[in-house]
Protein chains: 2
Amino acid sequence: MEQKPIPDIVVGRLPIYLRALQRMAQDGQHVTSSQEMSERLGISAAQIRKDLSQFGEFGKQGTGYNIEYLVEQLRQILKVNRVWDIAVVGAGDIGSAVARYQGFADRGFRVTMVFDIDPHKIGLMLGKFTIQDYAQMAELIRTAGIRVAMITVPASRAQEVADELIKAGVKAILNYAPININVPEGVYVQHTDPVTHLQRMTYYLE
Amino acid sequence: MEQKPIPDIVVGRLPIYLRALQRMAQDGQHVTSSQEMSERLGISAAQIRKDLSQFGEFGKQGTGYNIEYLVEQLRQILKVNRVWDIAVVGAGDIGSAVARYQGFADRGFRVTMVFDIDPHKIGLMLGKFTIQDYAQMAELIRTAGIRVAMITVPASRAQEVADELIKAGVKAILNYAPININVPEGVYVQHTDPVTHLQRMTYYLE
């Protein structure tokens with residue numbers, strides 16, 4: 001049976017649900033409800049039920065959701081019931097912070113390579129990584145079969161880095177450079193820029 | 001005349017438009033079109049025209065948009081034709097990176113205070129800032145009239161930090177902790193978590 005594609009806006013909420021559920025599990029909780037999730041997340045209970053029902057029958061009216069089961073299902077749906085290796089390109093402040101970031105553990109990712117173009121940085125240790133030469137990046141990524149990368153270079157270099165990554169086989173890019181990057185079909189990009197988040201909020205301030 | 005509220009999803013795209021337009025201006029360009037913006041941003045030209053038309057008459061059919069004028073209008077709409085002071089709470093890796101981040105300049109924001117709870121960090125310099133004591137945070141923020149803050153503390157502390165910030169008068173919070181935080185009406189929060197971005201992409205990978 002052909003499945004209807006799930007809207008990306010729904011896909012985007014699943015990691016939020018998974019994060020909340022994993023935290024409940026860490027806190028020793030076994031069962032939750034769309035109502036409780038709604039209070040935690042500020043998303044309506046009806047929306048949560050509707051989103052989850054697109055992927056299957058996860059809860060029963062009146063008995064709530066089994067957290068452990070729902071976590072496993074969401075991890076499978078999001079394909080994070082495995083560990084994706086990540087290449088970080090750019091060993092500046094943000095690159096250093098994400099390379100050392102503790103929040104990847106148990107959530108499906110680990111940084112395995114860090115690259116920079118600056119000869120003064122190449123060879124230095126960054127946490128447990130040796131900063132590697134950007135000139136070798138494409139080959140190392142291709143050999144390791146890496147599919148996920150983070151770009152933390154200046155805006156002026158971000159597109160060319162993305163192009164190199166994609167040629168080397170990367171399919172998912174999280175871009176920290178404050179510029180939009182274009183990717184071909186079949187490659188996914190997400191942008192994260194603190195200023196666009198902040199501006200979206202100042203719109204509402206007096 | 002009462003104006004209809006603009007959907008938040010539209011508000012969220014305005015900073016993306018502004019960023020692209022400011023870059024064009026930096027590159028010496030004076031006029032653009034919804035078509036050119038569409039190619040840069042991967043958002044349809046019709047959508048861009050529709051979004052911008054909600055705020056006024058910015059371009060004429062056939063002559064395109066005057067970039068300088070549109071930048072000024074968007075800065076005014078997003079209330080970043082001024083500079084908002086930011087307090088950063090948490091002087092770890094991410095806090096340090098955002099406190100030193102160069103990308104705020106000319107985009108409406110500047111970090112002016114950094115706080116931490118760790119006695120070993122309080123008093124140290126972080127870039128041009130002295131890390132200040134979290135115990136003094138509420139009073140310093142209230143006195144300075146700060147409305148915007150970034151939370152870069154561990155997930156287990158994020159909600160209590162948010163509560164403190166809000167009591168001190170903060171109205172807009174960018175949360176880097178990998179947990180959802182709840183805020184009362186009239187306070188705005190945006191979450192930024194690399195893992196939720198990554199998981200949204202791995203969903204689509206083979």
Side-chain angles (χ1 to χ4, degrees), chain A residues 6 8 11-12 14-16 18-20 23 39-42 77-80 84 86 92-98 100-104 107-109 147-148 150 154-155 171-174 176 178-180 182-183 188-206, chain B residues 6 8 11-12 14-16 18-20 23 39-42 77-80 84 86 92-98 100-104 107-109 147-148 150 154-155 171-174 176 178-180 182-183 188-206:
Chain A
I6 308 292
D8 183 62
V11 174
L14 300 183
I16 312 293
L18 177 56
R19 189 173 65 182
R23 181 150 287 268
E39 280 157 24
R40 283 216 183 197
L41 299 175
I77 291 165
L78 293 169
K79 304 200 182 78
V80 291
W84 297 87
I86 301 177
D93 284 329
I94 297 176
S96 302
V98 299
R100 283 193 288 243
Y101 184 57
Q102 303 296 312
F104 294 123
R107 299 178 71 197
F109 301 93
R147 294 283 171 270
V148 181
M150 296 191 191
K171 299 290 185 199
I173 295 173
L174 180 52
Y176 283 82
I179 188 174
N180 213 81
N182 292 310
V183 298
Y188 302 89
V189 63
Q190 290 268 310
H191 295 87
T192 176
D193 173 356
V195 177
T196 57
H197 286 296
L198 292 167
Q199 291 180 341
R200 184 175 189 160
M201 295 189 284
T202 51
Y203 171 83
Y204 295 102
L205 300 189
E206 302 297 312
Chain B
I6 307 292
D8 182 62
V11 174
L14 299 184
I16 313 293
L18 176 57
R19 187 174 66 181
R23 183 149 287 268
E39 281 156 24
R40 283 217 183 198
L41 299 175
I77 291 165
L78 294 169
K79 304 199 182 79
V80 291
W84 298 87
I86 301 177
D93 284 330
I94 296 177
S96 303
V98 298
R100 282 194 288 244
Y101 184 56
Q102 303 296 312
F104 295 124
R107 298 178 71 197
F109 302 93
R147 295 283 172 271
V148 181
M150 296 192 189
K171 299 290 184 197
I173 295 173
L174 180 53
Y176 283 81
I179 188 174
N180 213 80
N182 293 311
V183 298
Y188 302 87
V189 63
Q190 291 268 309
H191 295 87
T192 177
D193 174 355
V195 177
T196 57
H197 285 296
L198 291 168
Q199 290 180 341
R200 185 176 189 158
M201 294 189 284
T202 50
Y203 170 81
Y204 295 101
L205 298 189
E206 301 298 310

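Numbers restart at 1 for each chain; the letters A, B, ... are given by sequence-line order, proteins then strands.
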Query raised in the report: For A/Ala172, is it the side chain, the backbone, both or neither that has a heavy atom under 4.5 Å from a heavy atom of chain B?
Result: both

Query - Nearest heavy atoms of B/Pro178 and A/Arg19, plus distance in Å - result: O-CD, 3.3 Å

Report task. Mind listing the closest non-hydrogen atom pair of A/Tyr203 and B/Ile77 along with its distance? Result -> CD1-O, 3.4 Å

Report summary line: CZ (A/Phe109) and CE (A/Met150) are apart, to the nearest 0.5 Å, by 8.0 Å

Query raised in the report: From A/Met201 CE over to B/Asp8 CG, what is the distance, rounded to the nearest 0.5 angstrom?
Result: 10.5 Å

Query raised in the report: How about B/Tyr176 and A/Pro194: do any of their side-chain heavy atoms sit closer than 4.5 Å?
Result: yes

Flag the one option from [options] with the top tally of heavy-atom pairs under 4.5 Å to chain A.
| options | answer |
| --- | --- |
| B/Glu39, B/Gln199, B/Arg147 | B/Gln199 |
| B/Leu14, B/Thr192, B/Ile179, B/Val80 | B/Ile179 |
| B/Lys79, B/Glu206, B/Arg107 | B/Arg107 |
| B/Ile94, B/Leu198, B/Ile16 | B/Leu198 |

Requested in this report: Using side chain to side chain contact (heavy atoms under 4.5 Å, CB included) as the criterion, list what pairs up with A/Asp93, not counting sequence neighbours.
Outcome: B/Ala97, B/Arg100

Residue among [options] with most heavy-atom pairs under 4.5 Å to chain B:
| options | value |
| --- | --- |
| A/Trp84, A/Phe104, A/Tyr204 | A/Tyr204 |
| A/Val195, A/Val189, A/Val148 | A/Val195 |
| A/Lys171, A/Gln102, A/Arg40 | A/Arg40 |

